[in-house]
Amino acid sequence: SEPDASIKIDLGKFSPQLTDLSFEGNIGMSGSCQVTGSTVTSNAVLSTHNAKIEIPGRKMTLEGIDLNLNLQDLYQFHSAPDQVLKFKRFAWGDIEMNEGAVLFQIESLSSFFLQKSSFSWCGGHVYTHGLQITSGKREIDIICYCDRLKLATLLQQFNLASAEGEGAVNGRIPISYRDGKIKILDGFLYSTPGEGGT
């Protein structure tokens, strides 16, 4: 069915791993299941529009979520490739991203493939490619390709300096997530010719 009334769910009630995580928005689902002899086939489409996920304890918010998830096999929890999740805003502490799109495939209950993503950040854009995520693995390494990020905003979001001006940078930033912390590894950013700053 089409998403209807907005609901709010405390996901921690369903699993201890989801403690402090809440979902608010519309959810719609349609699907089928067929048994032929010993063969079971199933599929479903899960839809949500303008939804919001919050983890207050980690100061994390994802809002304006739009998703039509095509699950080709409910038992194996396997999706079709090229699934698209869009969001309007993602905030984690002082870091804020906007107008994002994530192209992905759910391969199983324990495996997720991020094909690519893009989002607006610090007045510019960031792109990522190819990342395999498996359950139980608490480490993620990804390379962000940056296009015209405003240096003043970038420094402020990471609490590195007080800055102002229109100077922009481009390049690549390798990011590592381990033990609940983000580390920026040895990246390379170069300035865009044009206006400077302080």
Side-chain angles (χ1 to χ4, degrees), residues 1-12 14-15 17-18 20-34 39-55 58 60-92 95-121 124-147 172-177 182:
S1 65
E2 287 295 315
D4 194 6
S6 180
I7 58 172
K8 186 164 185 175
I9 305 170
D10 177 3
L11 297 175
F14 300 98
S15 169
Q17 295 175 325
L18 301 177
D20 199 33
L21 194 153
S22 67
F23 170 91
E24 184 176 356
N26 301 312
I27 297 178
M29 186 172 179
S30 63
S32 68
C33 182
Q34 184 174 351
T39 304
V40 178
T41 57
S42 61
N43 64 73
V45 175
L46 180 67
S47 303
T48 187
H49 176 68
N50 202 27
K52 180 179 182 179
I53 294 174
E54 277 190 293
I55 311 175
R58 295 189 182 181
M60 191 180 292
T61 302
L62 180 64
E63 57 190 13
I65 304 166
D66 286 329
L67 173 67
N68 290 302
L69 178 61
N70 180 357
L71 294 168
Q72 295 180 322
D73 186 332
L74 291 173
Y75 181 71
Q76 298 292 334
F77 205 71
H78 176 76
S79 79
D82 303 327
Q83 299 300 291
V84 180
L85 180 147
K86 293 183 178 179
F87 64 87
K88 291 180 181 170
R89 176 177 174 266
F90 172 71
W92 189 356
I95 298 172
E96 183 170 326
M97 304 163 187
N98 302 96
E99 303 303 330
V102 179
L103 191 69
F104 69 94
Q105 180 177 18
I106 299 171
E107 298 174 329
S108 70
L109 282 168
S110 60
S111 182
F112 177 91
F113 180 57
L114 172 66
Q115 294 169 254
K116 64 181 179 178
S117 68
S118 64
F119 50 88
S120 297
W121 185 41
H125 292 89
V126 177
Y127 308 90
T128 68
H129 300 286
L131 175 65
Q132 190 78 41
I133 301 172
T134 55
S135 65
K137 184 179 178 184
R138 300 184 176 274
E139 303 171 351
I140 296 174
D141 294 296
I142 192 165
I143 296 177
C144 296
Y145 298 91
C146 307
D147 178 31
R172 58 191 292 275
I173 304 176
I175 295 178
S176 175
Y177 176 78
I182 293 178

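Hydrogens, waters and symmetry mates are skipped; everything else that's a heavy atom, side chains included, is used.
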Straight-line distance of [X] [atom1] to [Y] [atom2], nearest 0.5 Å:
| X | Y | atom1 | atom2 | result |
| --- | --- | --- | --- | --- |
| Leu21 | Met60 | CG | CE | 9.0 Å |
| Ile53 | Ile9 | CD1 | CD1 | 10.0 Å |
| Leu62 | Ile55 | CG | CD1 | 9.0 Å |
| Leu71 | His78 | CG | NE2 | 9.5 Å |

Across all chains, not counting sequence neighbours, the salt bridge (charged side-chain N to carboxylate O under 4.0 Å, His left out) partners of Asp141 are Arg178
Identify, with sequence neighbours excluded, every residue that meets salt bridge (charged side-chain N to carboxylate O under 4.0 Å, His left out) alongside Glu99. none
Tyr127 vs His125 aromatic rings, parallel, tilted or perpendicular, using cut-offs 30° and 60°?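 Geometry flag for His125 against Tyr127: parallel rings.
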List the atom pairs, with distances to 0.1 Å, where a side-chain N or O of residues 100-113 and a protein N or O form a donor-acceptor pair under 3.5 Å, not counting sequence neighbours.
{"unit_1": "Gln105", "atom_1": "NE2", "unit_2": "Ser79", "atom_2": "O", "d": "3.1"}
{"unit_1": "Glu107", "atom_1": "OE1", "unit_2": "Ser111", "atom_2": "OG", "d": "2.6"}
{"unit_1": "Glu107", "atom_1": "OE1", "unit_2": "Gln132", "atom_2": "NE2", "d": "2.5"}
{"unit_1": "Ser108", "atom_1": "OG", "unit_2": "Ser110", "atom_2": "N", "d": "3.1"}
{"unit_1": "Ser108", "atom_1": "OG", "unit_2": "Ser110", "atom_2": "OG", "d": "3.3"}
{"unit_1": "Ser108", "atom_1": "OG", "unit_2": "Ser111", "atom_2": "N", "d": "3.2"}
{"unit_1": "Ser111", "atom_1": "OG", "unit_2": "Gln132", "atom_2": "NE2", "d": "2.8"}

Evaluation steps, side-chain contact (heavy atoms from CB on, under 4.5 Å), between Leu114 and Ile142: CA-CA 10 Å; Leu114 172 66; Ile142 192 165; 4.0 Å; yes
Under 3.5 Å, side chain of Ser42 to main-chain N/O of Ser32, donor-acceptor pair present? no
Just wondering, are more than 12 heavy atoms of other shown residues or ligands nearer than 6.0 Å to OH in Tyr75?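 Check fails, neighbour count at 12 or below.
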Judged by modelled atom types alone, do Gln115 and Asp82 share a side-chain donor-acceptor pair under 3.5 Å?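 Distance-only check passes for Gln115 and Asp82.
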Go through the steps to decide whether Ser22 and Asp10 satisfy the test side chain to side chain donor-acceptor pair (under 3.5 Å), and finish with yes or no. CA-CA 5 Å; Ser22 67; Asp10 177 3; over 6 Å; no
How about Ile65 and Leu85: do any of their side-chain heavy atoms sit closer than 4.5 Å? yes
